[in-house]
Amino acid sequence: MRIGYPCINRGIGCSSGRTFRLRSYSEARMETTVEANLSCLAAILRYNAAHSLRFFRITSDLVPFASHPVCRYPWQRRFGEVFREIGRFIQREGIRISMHPDQFTLINTPDREVLRRSLAELEYHAQVLDLMGLDATARIQIHVGGVYGDRSAAMERFTARYGRLDGAVRRRLVIENDDRLYSLGHCMELYSRCGVPVLFDWFHHRINGGEPPGRALAKAASTWKSGNGIPMCDYSSQKPGARAGTHAESIDREDFRAFLDMSRGHDFDLMLEIKDKEASAAVAVEEAWGDDRFVP
DNA sequence: CAGTGTCAAGGTGGA
DNA sequence: TCCACCTTGACACTG
């Protein structure tokens, strides 16, 4: 089990997801932004390796507007060597990588244009990981998408389109159970229809699930095949007093220990979706230190 | 320079 | 039919 956090390091003093307004787009702006983002990403990864944090989600904003028609800038060529260098560091340090395109990426949409943009966005994510030379254990996670008033038709569209995805995307794509529309049960059904691996989100499952965590973890784990790496799992806890589903500001040690206990017997890489990022991840590492699954 | 309205993109659900 | 919400920081404009 490796432990990590998504996208942002709050203490390091730089961001790997700096962006700008579409109106400000220029090749010069792209050049300086992507260069700064990659340099910060390298710094975050060095920080993580030095702190036994060996799971990291790379921000989708690494290359702003990468899948937008406005972007004609050849960032892949211009920064190819930088990507390869970062990839070598990731492999040398045994770091696991994920990416998570956001809510606009919907492969089960009934709208052709939304689908076209979504595929372009997924291809961008795959390019980032490919340029780094990472194998298929580096994954791209998305939610299943909308229901559109007809769940079975929406799931059928997902299945058909998954089968027709570009190979570079399909070899990395995993679906994650969400807190409202697609539970672990729905994701398992999609797995049985098309073979897409399922990333288990413990916090969403608590809100929209029902089954005990050990059993749920075992189900999700059964969808990860050799070459995919060990399963990935997202963990968070409820922010006290907030709407159900709001991520906590900082880790709840008690809740986290309980999670470790409940998940005993299952190995996975664990992403802490908690707002204060590396601070809580460090606490999680401390809590997991004696666990025989933990890889420092 | 500080304050603040707004930002590429979708879908849901309540008013 | 419209708008807030998701989630979030920070860009970039205004005064």
Side-chain angles (χ1 to χ4, degrees), chain A residues 5-26 28-30 32-34 36-37 40-41 44 57-73 75 99-125 140-155 157-158 161 169 175-183 186 201 203-204 206-208 234-239 241-250 271-280:
Chain A
Y5 61 96
C7 303
I8 294 168
N9 181 301
R10 295 199 176 278
I12 204 169
C14 67
S15 162
S16 59
R18 291 194 73 106
T19 184
F20 45 84
R21 295 291 174 260
L22 184 54
R23 285 206 308 284
S24 320
Y25 180 89
S26 71
R29 192 71 190 266
M30 279 294 281
T32 53
T33 304
V34 175
N37 285 349
C40 182
L41 174 61
I44 293 173
R57 184 182 301 162
I58 294 175
T59 176
S60 296
D61 286 332
L62 190 67
V63 183
F65 303 106
S67 72
H68 191 284
V70 77
C71 178
R72 314 295 310 159
Y73 178 73
W75 55 273
M99 294 187 83
H100 193 342
D102 66 24
Q103 71 218 50
F104 308 105
T105 304
L106 295 156
I107 69 173
N108 76 346
T109 176
D111 183 319
R112 297 182 72 81
E113 277 305 296
V114 172
L115 175 63
R116 192 186 55 71
R117 286 194 288 272
S118 297
L119 295 177
E121 182 71 354
L122 286 170
E123 282 155 23
Y124 151 63
H125 283 76
I140 299 169
Q141 67 185 94
I142 58 171
H143 294 293
V144 176
V147 169
Y148 309 97
D150 183 345
R151 181 182 295 278
S152 77
M155 288 174 74
R157 277 197 302 278
F158 183 97
R161 289 178 183 159
V169 171
I175 53 173
E176 172 191 352
N177 58 303
D178 67 66
D179 57 353
R180 289 187 310 147
L181 304 180
Y182 288 93
S183 67
H186 296 123
D201 186 307
F203 185 47
H204 292 158
R206 272 162 73 151
I207 296 160
N208 180 24
D234 286 353
Y235 166 86
S236 188
S237 59
Q238 174 66 36
K239 176 175 179 173
R243 179 193 59 84
T246 305
H247 294 280
E249 294 289 333
S250 67
M271 181 67 65
L272 268 84
E273 294 187 318
I274 298 189
K275 293 213 166 55
D276 66 0
K277 306 289 177 180
E278 80 280 3
S280 282

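We name chains A, B, ... by the order of the sequence lines, and we start the count at 1 in each one.
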Original post:
Roughly how far apart, to the nearest Å, are C:dC5 and B:dG5 at atom P?
Top reply: 16 Å
**OP:** Whole angstrom is fine here: how far is it from CD1 in A:Ile107 over to P in B:dG10?
**Re:** 16 Å
Original post:
Between A:Glu249 and A:Lys239, is the closest basic N to carboxylate O distance under 4.0 Å?
Top reply: yes
**OP:** Report the relative orientation of the aromatic rings in A:Phe65 and A:Tyr25; use parallel for angles under 30°, tilted for 30 to 60°, perpendicular for over 60°.
**Re:** perpendicular
**OP:** Could you please name the option among B:dG11, C:dA12, C:dC11 that lies closest to any side-chain atom of A:Leu106?
**Re:** B:dG11
**OP:** Check the distance between C:dG9's P and A:Glu249's CD and give it to me in whole angstrom.
**Re:** 9 Å
Original post:
Would a 4.5 Å heavy-atom cut-off, applied to side chains only, mark A:Ser60 and A:His125 as touching?
Top reply: yes
**OP:** Determine the interatomic distance between P on C:dG9 and the same-named atom on B:dG10; round to the nearest Å.
**Re:** 23 Å
Original post:
Phosphate oxygens OP1/OP2 of C:dC11: is one of them under 4.0 Å from a side-chain N or O of A:Arg18?
Top reply: yes
Subject >> ring centroid sep under 5.5 Å plus plane angle under 30, A:Phe104 with B:dA9 >> reply: yes
Subject >> Nearest-neighbour nucleotide for the A:Asp102 side chain, C:dA12, B:dA9, B:dG11 considered >> reply: B:dA9
**OP:** For C:dA4 versus B:dT6, give the span between their C1' atoms, rounded off to a whole number of Å.
**Re:** 16 Å
Subject >> Side-chain heavy-atom pair A:Phe203, A:Tyr235 within 4.5 angstrom cut-off >> reply: no
**OP:** For A:Asp179 and C:dC5, give me the distance from atom CG to atom P, rounded to whole Å.
**Re:** 16 Å
Original post:
Do A:Tyr5 and A:Ile44 come close enough that some side-chain heavy atom pair is under 4.5 Å?
Top reply: yes
**OP:** Sticking with atom P, work out how far B:dT4 lies from C:dT8, rounded to a whole angstrom.
**Re:** 23 Å
Original post:
Over how many whole Å does the gap from A:Arg29 atom CZ to B:dC7 atom P extend?
Top reply: 16 Å
**OP:** Grab the CG-C1' distance between A:Leu122 and B:dA9 for me, whole Å please.
**Re:** 13 Å
Original post:
How would you label the contact of A:Tyr148 with the nucleic acid (heavy atoms, under 4.0 Å): base, sugar-phosphate, or nothing?
Top reply: sugar-phosphate
**OP:** Would you classify A:Thr105 as touching base, sugar-phosphate or nothing, given that sugar-phosphate means primed atoms plus P, OP1 and OP2, and contacts are heavy atoms under 4.0 Å?
**Re:** nothing
**OP:** Specify the separation, in whole Å, of atom CE of A:Met30 and atom C1' of B:dA8.
**Re:** 13 Å
**OP:** Go ahead and name the base partner of C:dC6; Watson-Crick or wobble counts if both distances stay under 3.5 Å, otherwise write none.
**Re:** B:dG10
Subject >> Pairwise C1' distance, C:dT7 and B:dG3 [rounded to whole Å] >> reply: 22 Å
Original post:
Taking OP1 and OP2 of B:dG11, is either one under 4.0 Å from a side-chain nitrogen or oxygen of A:Thr109?
Top reply: yes
Subject >> Whole angstrom value for the distance that separates P of B:dA8 from OH of A:Tyr25 >> reply: 14 Å
Original post:
Less than 4.5 Å apart, any side-chain heavy atom of A:Asp201 and any of A:Glu273?
Top reply: yes
Original post:
Taking any strand in view, what nucleotide pairs with C:dC11 in a Watson-Crick or G-U wobble way, both distances under 3.5 Å?
Top reply: B:dG5
Original post:
So which nucleotide from B:dA9, B:dG13, C:dC6 ends up closest to the side chain of A:Arg180?
Top reply: B:dG13
Original post:
When all nucleic acid strands are considered with a 4.0 Å heavy-atom cut-off, which category describes A:Val70: base, sugar-phosphate, or nothing?
Top reply: nothing
**OP:** Could you check which of C:dC11, B:dG13, B:dA8 has an atom nearest any side-chain atom of A:Leu181?
**Re:** B:dG13
Subject >> Minimum-distance nucleotide (side-chain atoms of A:Gln103 versus C:dA10, C:dC13, C:dC6) >> reply: C:dC6
Subject >> Given B:dG11, C:dC11, B:dG10, the nucleotide with the shortest approach to the side chain of A:Arg117 >> reply: B:dG10
Original post:
How many Å lie between OH on A:Tyr182 and C1' on B:dT12, as a whole number?
Top reply: 12 Å
Subject >> Closest to the A:Arg10 side chain, choosing from B:dG11, C:dT8, B:dT12 >> reply: C:dT8
**OP:** Answer yes or no on whether A:Arg29 is positioned over the face of A:Tyr73, meaning its NZ or CZ is under 6.0 Å from the six-membered ring centre and within 45° of the axis.
**Re:** no
Subject >> Nearest to side-chain heavy atoms of A:Glu121, which nucleotide of B:dG13, B:dA8, B:dG10 >> reply: B:dA8
Original post:
More 5' along DNA chain C: A:Ser24 or A:Ile8, using each one's nearest nucleotide?
Top reply: A:Ile8
